[in-house]
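Right, one structure below, let's go through it.
Chain letters run A, B, ... following the sequence lines, proteins first, then strands; residues in each count from 1.
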There are 2 protein chains.
Amino acid sequence: MSVQPQRAARPTLEDVAERAGVSRATASRVLNSSPRVSPEAHEAVTAAVLELGYTPNHAARSLVTRRTDAVAVVFSEPEPKIFDDPHFGQLIRAAARALSSADVQMVLMLVHSPDDQARAERFLAGGHVDGALLFAPHKGDQLPSIARKLPLPVVYAGRPWGPLRGLHLVDNDNIGGSVLATEHLMSLGRKRIVSVTGTVDEFSSIDRVEGWRTAVGADEAMTELMTESGNFNRDGGKLAMAALLKRVPDLDAVFVASDLMAAGALDALREAGRRVPEDVAVVGFDDHPLIAPHTEPPLTTIKQDANEQVAHMVAHLLRLLRDEPVRARREVLPTILVRRQST
Amino acid sequence: MSVQPQRAARPTLEDVAERAGVSRATASRVLNSSPRVSPEAHEAVTAAVLELGYTPNHAARSLVTRRTDAVAVVFSEPEPKIFDDPHFGQLIRAAARALSSADVQMVLMLVHSPDDQARAERFLAGGHVDGALLFAPHKGDQLPSIARKLPLPVVYAGRPWGPLRGLHLVDNDNIGGSVLATEHLMSLGRKRIVSVTGTVDEFSSIDRVEGWRTAVGADEAMTELMTESGNFNRDGGKLAMAALLKRVPDLDAVFVASDLMAAGALDALREAGRRVPEDVAVVGFDDHPLIAPHTEPPLTTIKQDANEQVAHMVAHLLRLLRDEPVRARREVLPTILVRRQST
DNA sequence: AGACCCTGTGGGAGCGCTCCCGTGGACGGG
DNA sequence: CCCGTCCACGGGAGCGCTCCCACAGGGTCT
């Protein structure tokens, strides 16, 4: 019936333009820092923005630019680990930091079930984000092959399964790290170096066996004898170590493919009455802050820097989004040895 | 010059409507499951959507509905912890699960610096999300007072500092849990029960002291004597326990306000030659899966369910977003005792 | 039989923004 | 002095969607 004045609505670009005494087009130019704007107009618009507390309507902008200024961060983990991997928290933290300082929204997706996967596919295909960071290390995970069909820039963490052609990825030097670990043990004069390995469905694990194998120069039979999988968990590490002790009674060193498993391995060694590092030297992998410094004895381990990896992934993706050239599709980050008392 | 056919663009609702032989309005009704649609139209539109692989343009929809179908999850932590708290990972996981199953995008924000805070404020005020979950336990954190001025539904994790009037929050029963812990120790016949507390700038910590205090019936002087802060980290827990052993040599039990500190406390007790649980019984708090079962001896502790808390927060927020009534502004979730070998 | 409602549908406006294109004025060179 | 060039700026279309409103058609009630 009666015409209401309607205030308190968020100011639009139109309001800003009016207040600044310019057209909407010019105001828009200022907001997008176009060069073709006079200093006066620039100042007037900037002032109006401040006075009105104007914030651009993201949806409207997105509608016409066809950009979203959002990036998906996808963790695909077929069987959700019951005990949360704290590495995960580090990765998320790093991603949040790197993306938000680039003023890009981070949309987090955790994919476990086929349901989740379908949802993720719909979401990524739906144009809700400009690009994605994909953490999908496990063999048989469909998500990488789904993702590579999408018209969407994707940067992978580590090597996914399947063909690598055309993929952009940032990996840690797992092979180099495990060579480092094993050579460290050899330099200590250790002769019988066994290894507790992770799960065979992740390249990070496969690479760590490979590093050990080349360093000690093991053939297939010897590898079979001197390695045992600990499934990347603590109890698994303990069981694997116990099995190795039985199979290779004269072992004097062990390279364990994760700190968590190494903690379990230390338990097994203690129960078997072997002293660490006197009888058996132990090297882990990860340099997990919650574990490595606190085992008994504190753990010598290989540090891989989650922050660094994610920062590289984000930088890589941002370059792709801006159509800037990338140096290489695949980056491999160095790993270093952190020495503590277990060697 | 010449007119290009222009294909391969994403289909619009117009395309769907045309294919289904209905108007755009009807197609829209089907997509938004309006009741006023004939079965025939419904079927035709559904088929067309499938055939064309249509996905609604989120920006366009958001522009008119003024909803974003996104929710911010904000963690505010004035001093970013160097050692990642794994509790954090659990919370994020739970939030991701709960939100994605409601088909709401989760935008994660980690706030450390004043810079981050300003960004967060701009973001939340900018209408980029429909609501927020806010984790800001620390005293002096500005974010809660900023957030409560925003015209945006916010659900808090735990009690933030400042006035609670009008706030929506989901808290764990820290007081109840610590009463439980302390009474458990008393029921074991322990007479001199001390407590290692957290930091005084978090209510969760304050409440846990309060629970201990009421259960043992301590006055101020006794509280001063028999409690010591461990700053919620492992080394702090060890130092605090050592201090308490010196101050109260005849102590026979300790309630430690976090599992991580409890691990440190166990170290201190071991070094002091006190047996656990024979000489000193120990109860922790959190039931941290990476810590509690693996201490020496395994830790009796109070379980607070992160999944449950976040699920309640999400449900609460969704109700607010849908303008549905909420039962209570404030929910307090129960905590339970998990008994292991340290008592 | 006329007046009524109720249900399914389509036309069209408009959300707030960007960007194309046209215009007017300042400026420099022939 | 006039014409061409260039730069700052405004008008207006249109991105893809929702929702208001009008309307046709069939049923129900007086």
Using side-chain contact (heavy atoms from CB on, under 4.5 Å) as the criterion, point out the one residue from B:Ile92, B:Val111, B:Leu143 that pairs with B:Phe75. B:Ile92
Atom [atom1] of [X] to atom [atom2] of [N]: distance rounded to whole Å?
X	N	atom1	atom2	result
B:Asp69	D:dC17	CG	C1'	13 Å
B:Asn57	D:dG14	CG	P	18 Å
A:His58	D:dC15	NE2	C1'	15 Å
A:Leu31	C:dC17	CG	C1'	10 Å
A:Leu13	D:dG11	CG	C1'	14 Å
B:Arg66	D:dT18	CZ	C1'	12 Å
A:Arg67	C:dG16	CZ	C1'	15 Å
B:Glu18	D:dG16	CD	P	14 Å

Could you check which of D:dT18, D:dG16, C:dC17 has an atom nearest any side-chain atom of A:Pro56?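 It is C:dC17.
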Output one letter per nucleotide in nucleotides 5-10 of chain D: B when a protein non-hydrogen atom lies under 4.0 Å from the base, S when only the sugar-phosphate is that close, - when neither is. ---SBB
How far apart are the closest heavy atoms of A:Gly126 and B:Thr55, and which atoms are they?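 The answer is CA-CG2, 3.7 Å.
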If I compare all heavy atoms of A:Ala60 with all of B:Leu63, which pair ends up nearest, and what's the gap?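 Minimum heavy-atom contact is CB-CD1, 3.5 Å.
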More than 12 non-hydrogen atoms from neighbouring residues, nucleotides or ligands closer than 6.0 Å to CD on B:Glu43, yes or no?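 No.
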Residue B:Glu18 excluded, over 12 heavy atoms near CD under 6.0 Å: no
Considering just the side-chain nitrogens and oxygens of A:Arg61, establish if one lies under 4.0 Å of OP1 or OP2 belonging to D:dC15. no
A:Asn32 vs C:dT18: side-chain N/O to OP1/OP2 distance below 4.0 Å: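 Answer yes for this pair, as a side-chain N or O of A:Asn32 is under 4.0 Å from OP1 or OP2.
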For the residue pair B:His316 and B:His168, does the interplanar ring angle fall in the parallel (under 30°), tilted (30 to 60°) or perpendicular (over 60°) class?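 Taking B:His168 first and then B:His316, their aromatic rings stand perpendicular (interplane angle over 60°).
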Tell me, please, whether A:Tyr54 has A:Arg19 positioned over its six-membered ring: NZ or CZ under 6.0 Å from the ring centre and within 45 degrees of its axis?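 No, a cation-pi geometry is absent between A:Arg19 and A:Tyr54.
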